[in-house]
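Report on one structure; see the data block that follows.
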Amino acid sequence: MPLVQIVYHSRNRLAPASGRPQLDMLRAILASSRRNNAETGLTGFLLFDRTWFFQVVEGERRAVLATYERIGKDPRHADVTLLALRDIPARTFPSWSMGAAMLNLDQREIYLRHGISGALDPTQVTASTVVALAVDLQGQEIEQQRSLQRLAG
Ligand SMILES: Cc1cc2nc3c(=O)[nH]c(=O)nc-3n(C[C@H](O)[C@H](O)[C@H](O)COP(=O)(O)O)c2cc1C
């Protein structure tokens, strides 16, 4: 079945309160995303900070478009802007029903690798930069999860 991938950015409208509440709301978004995406065969990655979301969603065209339409109506973000919709030969994030990483300046080195020298600016960033950044941050997430597992075990 042909696969497509979309990349969009949007403005984070989660309550501006700092810290916990935002993260709890993000966990809720991720929980329903993972449940729905697992059912409809979607995969992808969500990058976020206090101001922006950048998301990659991939899978069968009809499922991707239906989900994007639903996401677009979600009041937890605004100014949803499509950066790319393209056919893909294979998934970029086959093992994430929806992976996620918070963007912060600790990742400065990774940003610089992609030519980003300050905060991520949606008017400057291209779809391929978002995907490449998510691929790198996915590696970092896996490392973090491994260390957490080591600590727990
Ligand atoms: C930034 C952002 C990303 C989202 N990503 C997804 C997603 O990948 N898949 C999904 O089903 N819902 C996603 N949602 C949630 C949908 O907008 C919607 O709330 C949800 O799909 C409704 O399903 P539920 O009734 O099962 O919670 C996202 C929402 C936001 C704000």
Side-chain angles (χ1 to χ4, degrees), residues 4-59 63-85 91-114 116-152:
V4 301
Q5 181 183 71
I6 59 163
V7 182
Y8 75 83
H9 61 72
S10 61
R11 199 174 272 278
N12 185 339
R13 283 278 182 252
L14 296 178
S18 60
R20 282 276 137 215
Q22 269 231 3
L23 282 178
D24 288 345
M25 286 187 264
L26 262 156
R27 274 191 207 103
I29 290 175
L30 282 174
S32 63
S33 301
R34 286 170 178 161
R35 193 182 53 239
N36 294 335
N37 295 357
E39 267 172 29
T40 49
L42 298 184
T43 51
F45 214 86
L46 178 69
L47 301 175
F48 61 93
D49 62 17
R50 280 172 194 212
T51 319
W52 305 111
F53 289 115
F54 295 86
Q55 192 176 21
V56 183
V57 183
E58 56 195 18
V64 170
L65 295 182
T67 296
Y68 181 61
E69 199 183 323
R70 199 170 65 243
I71 293 173
K73 293 180 184 148
D74 196 315
R76 292 173 288 189
H77 61 172
D79 304 337
V80 179
T81 305
L82 192 65
L83 289 174
L85 162 59
R91 292 173 193 261
T92 312
F93 303 98
S95 46
W96 296 102
S97 54
M98 189 47 65
M102 181 152 64
L103 296 163
N104 62 64
L105 287 174
D106 296 345
Q107 301 144 349
R108 205 173 284 122
E109 269 178 46
I110 295 182
Y111 282 24
L112 283 172
R113 235 185 277 157
H114 298 288
I116 302 161
S117 54
L120 212 54
D121 175 355
T123 63
Q124 300 294 322
V125 88
T126 64
S128 43
T129 303
V130 173
V131 174
L133 195 56
V135 166
D136 280 4
L137 293 172
Q138 150 191 255
Q140 202 189 44
E141 281 292 287
I142 291 167
E143 269 311 300
Q144 276 173 2
Q145 282 180 14
R146 284 204 186 115
S147 355
L148 284 176
Q149 272 161 12
R150 271 199 296 274
L151 283 176

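Throughout, numbering of the chain's residues begins at 1 and tracks the sequence.
Arg13 contributes atom CZ, which lies 11.0 Å from atom NE2 of His77 (distance to the nearest 0.5 angstrom). To the nearest 0.5 Å, atoms CD1 (Ile116) and CZ (Arg108) are separated by 13.0 Å. In this structure, CG on Asn104 lies 9.0 Å from CG on Asp49, to the nearest 0.5 angstrom. Put simply, CD on Gln22 and CG on Asn12 are 5.0 Å apart, with the number rounded to the nearest 0.5 Å. The distance from atom CD1 of Ile29 to atom CG of Leu14, rounded to the nearest 0.5 Å, is 5.0 Å. Considering OG1 of Thr123 and NE2 of His9, their distance stands at 7.5 Å, rounded to 0.5 Å.
Taking 4.5 Å as the limit, some side-chain heavy atom of Leu137 sits within range of a side-chain heavy atom of Leu103. Residues Met98 and Val57 meet the side-chain proximity criterion, which asks for heavy atoms closer than 4.5 Å. Looking at Ser117 and Leu112, their side chains come closer than 4.5 Å, going by heavy atoms from C-beta outward. Side-chain atoms of Leu26 and Met102, non-hydrogen and from C-beta on, never get closer than 4.5 Å to each other. Residues Leu46 and Phe53 meet the side-chain proximity criterion, which asks for heavy atoms closer than 4.5 Å. Contact of the Leu120 side chain with the Leu133 side chain is registered, since non-hydrogen atoms from C-beta on lie closer than 4.5 Å. With a 4.5 Å cut-off on side-chain heavy atoms, Leu85 and Ile6 count as touching.
Without hydrogens or angle criteria, Thr81 side chain to Asp79 main chain gives a donor-acceptor distance under 3.5 Å. The main-chain N or O of Gly44 is never found under 3.5 Å from a side-chain atom of Gln55 such that the two would form a donor-acceptor pair.
Between Phe48 and Ala100, the closest heavy-atom pair is CE2-CB, 4.2 Å. Smallest separation of non-hydrogen atoms from Ser97 and Ala38: CB-N, 4.3 Å. Closest heavy-atom contact between Thr92 and Gln138: O-OE1, 4.5 Å. In plain terms, the two heavy atoms of Val125 and Phe54 that are nearest each other are CG1-CE2, 3.5 Å. Closest non-hydrogen pair, Gly59 versus Leu42, comes out as CA-CD2, 3.9 Å.
In summary, Glu69 and Lys73 engage in a salt bridge, as defined by a charged side-chain N under 4.0 Å from a carboxylate O.
Between Tyr68 and Tyr8, the two ring planes are tilted [angle within 30° to 60°].
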- Task: Quick one: do Glu109 and Arg113 satisfy salt bridge (charged side-chain N to carboxylate O under 4.0 Å, His left out)? Show the steps, please.
- Result: CA-CA 6 Å; Glu109 269 178 46; Arg113 235 185 277 157; 5.4 Å; no
